[in-house]
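For reference, the structure discussed in these notes is given below.
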Amino acid sequence: MNAETGAKIGWEVIKSYIPTLDHSPGVYRMLSLTEEVLYVGKARSLKKRVSNYAKPSGQGRRIENMIAQTARMMFITTQTETEALLLEQNLIKQLKPRYNILLRDDKSFPEILIRQDHDVPQIVRHRGARKAKGRYFGPFASGSAVNRTLHHLERAFMLRTCSDGDFKTRSRPCLQYQIKRCSAPCVGKIEITDYMQSVDEALAFMEGKAPDVQKRIASEMKAAASSMNYEKAATLRDRLAALTSIQGAQNINPDGVEEADIIALSNEGGINSIQIFFIRSHQNWGNHAYFPRADESDSTGAILEAFIAQFYDKRVPPKLLLLSDQPNNTSLLEEVLSDKLGRNVDIRVPQRGEKLMLVGEALRNARETGARKLSETKSQAALLEGLATAFSLDKIPDRIEVYDNSHIQGAHAVGAMIVAGREGFIKSQYRKYNIKSESITPGDDFAMMDEVLSRRFKRLAGEDARDNIPDLLLIDGGAEQLKRASNAMKEYGFDIPMIGVAKGVDRDAGREEFHRIGARPTALRKNDPVLHFVQRLRDESHRFAIGTHRAKRSAAITKNALDDIPGIGASRKRALLHHFGSAKAVKDARIEDLRATDGISNAMAETIYGYFHSDEA
């Protein structure tokens with residue numbers, strides 16, 4: 001079917017839906033002949049929006065290509081355009097249509113939590129849903145940023161970081177007290193009133209009242225020195241230094257902006273680079289780079305609209321967004337974000353003053369990261385082209401999957417798959433496989449690879465995975481591994497180029513042998529960039545496989561004997577361990593002692609006793 005005929009059919013398909021639609025707001029999906037979702041969009045009026053597509057020309061190349069592939073449409077009506085926007089972003093994240101603007105990095109950001117659900121509050125690093133009672137401060141742009149800040153806060157205010165269980169069972173101070181990062185309220189080294197004053201000061205500092213806190217500490221330090229209490233004065237001096245260290249690490253600390261996210265977009269060389277800075281309590285809590293996937297025909301306003309809608313889909317927005325450019329549908333975005341925050345959210349493009357300076361700083365960072373990304377992308381493209389040439393591939397691979405196994409004498413065996421493409425490693429698509437087959441002889445790498453690849457290709461064959469079918473497979477191993485992999489692949493109807501990477505002579509890096517089905521082993525020059533590229537891919541697969549294996553082994557080592565008892569959850573497990581001290585003591589306990597444990601009923605005590613003594617009947 002040629003492009004002209006395809007466009008006509010696509011246009012006619014879309015046109016046929018117009019009589020069935022009204023002017024309700026809603027979300028529409030365009031699907032291909034293979035039921036691939038090509039595009040998800042929202043509309044204030046579904047009838048008007050679809051009518052805009054029902055034109056044979058004048059749409060632009062990207063839209064015309066999308067229309068040419070459209071075989072069917074789906075519609076969901078909503079009560080408001082706001083609901084349509086929320087539904088649209090959920091579907092985009094779920095379906096990842098190829099013609100939508102996509103924010104591919106959806107990581108969560110860490111926060112600092114001062115928990116207030118205990119008589120002696122605790123300060124901890126937090127990530128995820130805000131379920132615990134307390135004050136949350138964030139987001140911080142990275143784990144290192146939050147760890148650095150938490151470290152200085154511990155030095156400055158000496159709040160406990162231990163769990164409630166450790167706090168309750170402490171009989172002497174821990175190492176945190178010895179290195180002057182905790183005041184040891186667990187064993188009464190500080191009066192609770194003095195400890196709560198430190199909590200209040202920590203809260204005030206994190207709320208942006210740093211000058212007041214620093215003045216109060218400085219005043220106390222002078223008073224201590226005047227009364228010749230030099231030990232206290234030195235402690236207060238160290239606290240001041242810690243607070244100064246926090247502020248020194250934050251190179252942008254705006255006086256006129258209390259709470260805002262600063263978002264700047266740069267587009268150079270076809271790379272969309274977005275920098276977002278987090279300003280909270282007049283302090284800069286870090287910045288993060290994003291590279292959303294968009295077509296060259298997408299406007300700056302459309303990219304920013306999509307970014308904001310997707311970025312805050314699962315996150316709480318601040319009360320102010322400062323942007324480098326005006327997004328499309330600003331008022332609609334403000335309405336959606338205001339509903340999420342529970343108060344008004346303003347979106348502004350500043351024109352002067354400190355706010356413009358902040359946006360300029362974010363834009364400078366966006367341009368720099370965009371330039372680095374462009375350089376990396378060109379380098380990666382050259383390596384992929386070199387890989388295709390070196391191994392006589394029919395096409396330059398866009399998606400490479402690399403497989404490896406890890407185990408210790410067959411124990412805790414896992415398989416691992418990593419993915420690489422034109423933009424480097426695609427870590428969101430890494431996969432791990434627990435080796436399940438009981439028929440596999442421990443340590444049989446060939447059989448393990450059979451299982452991993454069979455499961456992988458079975459899944460590929462059973463789903464609409466056009467974007468997930470690899471162009472090249474790299475297998476860690478030689479000819480036999482490659483033969484097994486080829487059989488597993490052909491069983492599910494795939495014919496994908498494969499390369500086996502064997503260690504070569506003396507298992508020496510740089511002397512690897514490369515195996516292809518029906519060809520003699522080959523090697524690459526020791527200084528060949530393609531060789532280094534393949535080594536990097538293989539090393540990454542090793543790293544991921546070994547890390548997965550170690551996590552599985554650690555989980556098995558730390559598995560508790562109480563975990564398999566029916567009805568024993570986390571709270572009962574804690575109660576038993578707190579009462580008896582160890583799982584072995586629980587196993588040896590009399591039924592009368594089990595009944596005396598908090599939270600353990602008579603029936604549960606009999607269940608526990610019976611689990612450990614079933615062979616005594």
Side-chain angles (χ1 to χ4, degrees), residues 7-56 58-60 62-103 106 292-295 297-299 301-317 327-342 344-345 347 464:
K8 183 177 180 182
I9 291 175
W11 167 63
E12 289 182 344
V13 166
I14 294 171
K15 188 176 181 180
S16 68
Y17 285 100
I18 296 175
T20 68
L21 300 172
D22 58 21
H23 292 284
S24 299
V27 173
Y28 58 93
R29 278 177 272 184
M30 294 178 166
L31 294 88
S32 69
L33 286 169
T34 60
E35 292 294 294
E36 174 198 353
V37 179
L38 301 170
Y39 185 78
V40 175
K42 68 176 183 309
R44 181 178 300 172
S45 166
L46 285 171
K47 192 179 189 74
K48 286 184 179 180
R49 179 60 56 84
V50 174
S51 297
N52 289 337
Y53 289 116
K55 300 174 183 176
Q59 298 280 5
R62 170 173 165 267
I63 300 300
E64 286 182 357
N65 288 340
M66 181 178 71
I67 290 173
Q69 297 174 60
T70 300
R72 187 166 72 90
M73 295 187 72
M74 295 175 64
F75 303 93
I76 301 175
T77 60
T78 59
Q79 294 292 323
T80 65
E81 191 180 3
T82 300
E83 292 178 12
L85 175 61
L86 295 173
L87 178 58
E88 175 199 36
Q89 297 310 318
N90 284 333
L91 289 173
I92 288 173
K93 283 192 171 185
Q94 175 186 343
L95 301 171
K96 297 179 173 57
R98 83 164 90 159
Y99 286 101
N100 278 98
I101 298 169
L102 290 180
L103 173 60
D106 194 28
R293 189 190 80 185
D295 188 80
S297 63
D298 289 315
S299 67
I303 295 172
L304 283 172
E305 178 194 11
F307 174 82
I308 292 169
Q310 293 177 42
F311 183 81
Y312 294 107
D313 180 44
K314 303 294 184 184
R315 299 183 177 97
V316 178
N328 294 353
N329 298 305
T330 300
S331 58
L332 178 61
L333 289 172
E334 287 179 334
E335 183 180 347
V336 170
L337 297 182
S338 297
D339 287 344
K340 184 178 287 289
L341 182 62
N344 285 340
V345 172
I347 297 177
D464 179 16

Is there a side chain to side chain contact (heavy atoms under 4.5 Å, CB included) between Leu85 and Leu333 once you walk through the steps? CA-CA 9 Å; Leu85 175 61; Leu333 289 172; 4.0 Å; yes
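- Side-chain atoms of Gln89 and Val336, non-hydrogen and from C-beta on, never get closer than 4.5 Å to each other.
- In this structure, Ile303 CD1 and Phe307 CZ are separated by 11.5 Å, a value rounded to the nearest 0.5 Å.
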Using the rule given for side chain to side chain contact (heavy atoms under 4.5 Å, CB included), can you reason through Thr78 versus Leu86, listing the C-alpha separation, both sets of side-chain angles and the distance that settles it, and then say yes or no? CA-CA 10 Å; Thr78 59; Leu86 295 173; over 6 Å; no
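- Annotation: side-chain contact (heavy atoms from CB on, under 4.5 Å) contacts of Ile76 (sequence neighbours excluded): Arg29, Leu87.
- Note: Glu64 CD to Met66 CE = 10.5 Å, rounded to the nearest 0.5 Å.
- Every pair tested for salt bridge (Lys or Arg N to Asp or Glu O under 4.0 Å) that includes a residue from residues 17-27 fails, sequence neighbours excluded, so the list is empty.
- Side-chain contact check for Ile14 versus Met30: some heavy-atom pair is nearer than 4.5 Å.
- In the displayed structure, Lys340 atom NZ is contacted under 6.0 Å by more than 12 heavy atoms of other residues, nucleotides or ligands.
- The CG atom of Leu38 sits 10.5 Å away from the CG atom of Asn65 when rounded to the nearest 0.5 Å.
- Thr77 places no side-chain N or O within donor-acceptor distance of the main-chain N or O of Gly26, the cut-off being under 3.5 Å.
- Of all the heavy atoms in Trp11 and Ile67, the pair that sits closest is N-CG2, 3.6 Å.
- For the salt bridge (Lys or Arg N to Asp or Glu O under 4.0 Å) test, no residue two or more places apart in sequence or in another chain qualifies with Asp295.
- Within the structure, salt bridge (Lys or Arg N to Asp or Glu O under 4.0 Å) contacts touching residues 72-82 (residues at least two apart or in different chains) are Glu35-Arg72, Arg44-Glu81.
- Here Asn329 contributes atom CG and Lys42 contributes atom NZ; the two are 4.5 Å apart, rounded to the nearest 0.5 Å.
- Of all non-hydrogen atoms in Lys314 and Asn90, the two that sit nearest each other are NZ-OD1, 4.4 Å.
- The backbone N or O of Met73 sits less than 3.5 Å from a side-chain atom of Tyr17, completing a donor-acceptor pair.
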Go through the steps for Arg62 and Asp298 under the test side chain to side chain contact (heavy atoms under 4.5 Å, CB included), then give the verdict. CA-CA 9 Å; Arg62 170 173 165 267; Asp298 289 315; 3.3 Å; yes
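- Put simply, the side chain of Arg293 gets close to the backbone of Arg98: a donor and an acceptor are under 3.5 Å apart.
- In terms of modelled atom types and a separation under 3.5 Å, the side chain of Glu36 and the main chain of Ser32 share no donor-acceptor contact.
- No donor-acceptor pair closer than 3.5 Å links the side chain of Glu334 to the backbone N or O of Asn344.
- Partners of Ser299 under the side-chain contact (heavy atoms from CB on, under 4.5 Å) rule, at least two apart in sequence or in another chain, are Ala302, Asn328.
- For residues 23-52, every residue pair satisfying the ring-ring contact (aromatic ring centres under 6.0 Å, His included) rule, not counting sequence neighbours, is listed here: Tyr28-Tyr53.
- Note that CD of Gln310 and CG of Asn100 are 8.0 Å apart. Values are rounded to the nearest 0.5 Å.
- For the atom pair CD1 of Ile92 and CG of Leu102, the computed distance is 7.0 Å after rounding to the nearest 0.5 Å.
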